[in-house]
Amino acid sequence: MNLITIVGARPQFIKAAAVSAALTSTAGVSERLLHTGQHFDDNMSDVFFRELGIPLPTWNLGLGGGSHGAMTGAQLAGSEQVLIDERPDAVLLYGDTNSTLAGALAAAKLNIPVAHVEAGLRSFNRRMPEEINRVLTDHVSHWLFAPTESAVANLQREGVDAARVHQVGDVMYDAALQFSALARARAVRHPVFAALARRPFVLATVHRAENTDEPERLRVIVDALVELARETDVVWPLHPRTRKVLAQRGAVLGSTASLHCVEPLGYLDMLEMEQAAALVVTDSGGVQKETFFFGRPCVTLRDETEWVELVAAGWNRLARPTSVAALMAAFHAALGSVGEPVRPYGNGDAAQRIARVLTERPA
Ligand code: UD1
Ligand code: UDP
């Protein structure tokens, strides 16, 4: 089977690392990567290829930035050309970014079967660009690899043919297990570990459009993290989107003695940060789950989440950024809390199961 995997954004490199390793060890599969270029900074893209041993992309379209339509349209045309030239047997896609939707449309219109990893996730909030991307991608996919029971139920409700849906577990669990050992074995770590000097700290990440592009929500989040840093160290790796928005508003966030605003971390540093943190505050999908993998409490700065199991089991609290007091109350309630012992994301063999389905049940 001749596969082309289309990736473009940070979480997709991490997911692809787990699945590419499984595909490499599967007889009869050859995989090449197409990088749309949606994420392009060294610390948002190249670092993952260097650290995680992902095959280097055969194509990099260099198509990042711009409005949703401009970016998705350019990626659609660019991906289509590669698919016309190469005629792969299938196209493999991850998650819910503009690169995912562009790849899905390009492949489906050429009648090339699409495999979608992380199928069936829903926030039921159509104002999120990711919700549009994931719904549309699921409905043109041939293989839908769902991580959870609730994802399978969402697809059933939308009338997707059950024979196409495979509940395999979450490839991010595979990646976290696989790369934690590599992270521990390293000699060199990010300097922020030394700056913390083993003090308890909170790890924060913020990048969702619903937070960065709403001035009042972003102000509340920044003020709450600054307030929290009066009580405990806070490490905040700033996503380029957030850094740009803050700069446009004249709010250049510098580090203080206890608020460590750093550049985006590599995945290995990030895994160790999550394991060591007393609490994680985030609006990231992937980070919500990793926090749970490592048994840490999480506050999610959103109105809803796709990863509903973690809220139900008490590992994750949703906190709408409406006021600093509300966020501080959520942080204090979460610190030191633990949830119920649940295992909603499989056994760490999702990538192997995906490789098996692709080879044993070809389109
Ligand atoms: C994208 C995904 C989001 C995912 C996130 C992962 C879409 C619609 N959104 O959001 O689902 O959770 O990636 O991190 O696909 N930028 C840089 N350097 C980079 C990358 C981005 O400067 O390496 C800038 C871009 O030029 C742009 C902004 O950051 O101005 C946002 O980037 P974009 O890829 O549009 O969306 P993300 O917020 O990263
Ligand atoms: N991540 C990272 N460095 C960072 C922040 C996040 O390596 O500074 C990793 C994180 O561990 C997770 C993934 O990036 O595996 C999540 O990606 P992101 O938050 O960008 O997107 P989302 O999951 O929300 O789509």
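Counting starts at 1 for both ligands and their atoms, following the listed order.
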I'd like to know if [X] pairs up with [Y] as an ion pair, taking the criterion as any Lys NZ or Arg NE/NH1/NH2 lying under 4.0 Å from an Asp or Glu carboxylate oxygen.
{"X": "Glu118", "Y": "Arg134", "value": "no"}
{"X": "Glu272", "Y": "Arg186", "value": "yes"}
{"X": "Arg126", "Y": "Glu130", "value": "no"}
{"X": "Arg208", "Y": "Asp213", "value": "no"}
{"X": "Arg199", "Y": "Asp233", "value": "yes"}

Indicate yes or no: does an N/O atom of [X] lie under 3.5 Å from an N/O atom of ligand 1?
{"X": "Asn133", "answer": "no"}
{"X": "His68", "answer": "no"}
{"X": "Gly65", "answer": "no"}
{"X": "Asp41", "answer": "yes"}
{"X": "Lys244", "answer": "yes"}

[X]: numbered ligand 1 atoms lying under 4.0 Å from its heavy atoms:
{"X": "Asn98", "result": "7 (C), 8 (C), 15 (O)"}
{"X": "Met71", "result": "35 (O)"}
{"X": "Asp96", "result": "11 (O)"}

With distance as the sole criterion, is a donor-acceptor pair present between the side chains of Thr100 and Gln12 under 3.5 Å?
yes

Verify the distance criterion only: is there a donor paired with an acceptor across the side chains of Glu158 and Asn154 at less than 3.5 Å?
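Their side chains do not contain a donor-acceptor pair, so the 3.5 Å distance test is not met.
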
Check whether any heavy atom of Gly64 sits under 4.0 Å from an atom of ligand 1.
no

Among protein heavy atoms, which sits nearest to [atom], and what does the distance come to when rounded to 0.1 Å?
{"atom": "atom 37 (P) of ligand 1", "value": "Arg241 NH1, 3.6 Å"}
{"atom": "atom 4 (C) of ligand 1", "value": "His207 NE2, 3.8 Å"}
{"atom": "atom 33 (P) of ligand 1", "value": "Gln38 NE2, 3.9 Å"}

Hey, mind stepping through Arg320 and Asp303 against salt bridge (Lys or Arg N to Asp or Glu O under 4.0 Å) and telling me if it holds?
CA-CA 5 Å; Arg320 190 188 286 242; Asp303 300 359; 3.7 Å; yes

For residues 204-238, which residue pairs pass the ring-ring contact (aromatic ring centres under 6.0 Å, His included) check, not counting sequence neighbours?
His207-His239

For Met128, which fellow cluster members are found when Ile, Leu, Val, Met, Phe, Trp and Tyr are connected by side-chain heavy-atom distances below 4.5 angstrom, either directly or through intermediates?
none

Tell me who clusters with Val91, hydrophobic residues only, linked when side chains sit under 4.5 Å apart either directly or through other members.
Ile4, Ile6, Leu34, Trp59, Leu61, Leu63, Val82, Leu83, Ile84, Leu93, Leu110, Ile112, Val114

For ligand 2, list the protein residues that place a heavy atom within a distance below 4.0 Å of one of its atoms, sorted by chain and number.
Arg10, Pro11, Ile14, Phe48, Met172, His207, Arg208, Pro237, Pro264, Leu265, Gly266, Tyr267, Met270, Glu274, Ser284, Gly285, Gly286, Val287, Glu290

Please work out whether any backbone atom (N, CA, C, O) or any side-chain heavy atom from C-beta onward of Ala209 is under 4.0 Å from ligand 1, and answer side chain, backbone, both or neither.
neither

Applying a 4.0 Å heavy-atom criterion (strictly less than), which segment of Glu130 is in contact with ligand 1: side chain, backbone, both, or neither?
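Only the side chain of Glu130 comes within reach of ligand 1.
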
Gap separating the CG atom of Asn98 from the CD1 atom of Ile132, nearest 0.5 angstrom
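The CD1 atom of Ile132 is 11.0 Å from CG of Asn98, to the nearest 0.5 Å.
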
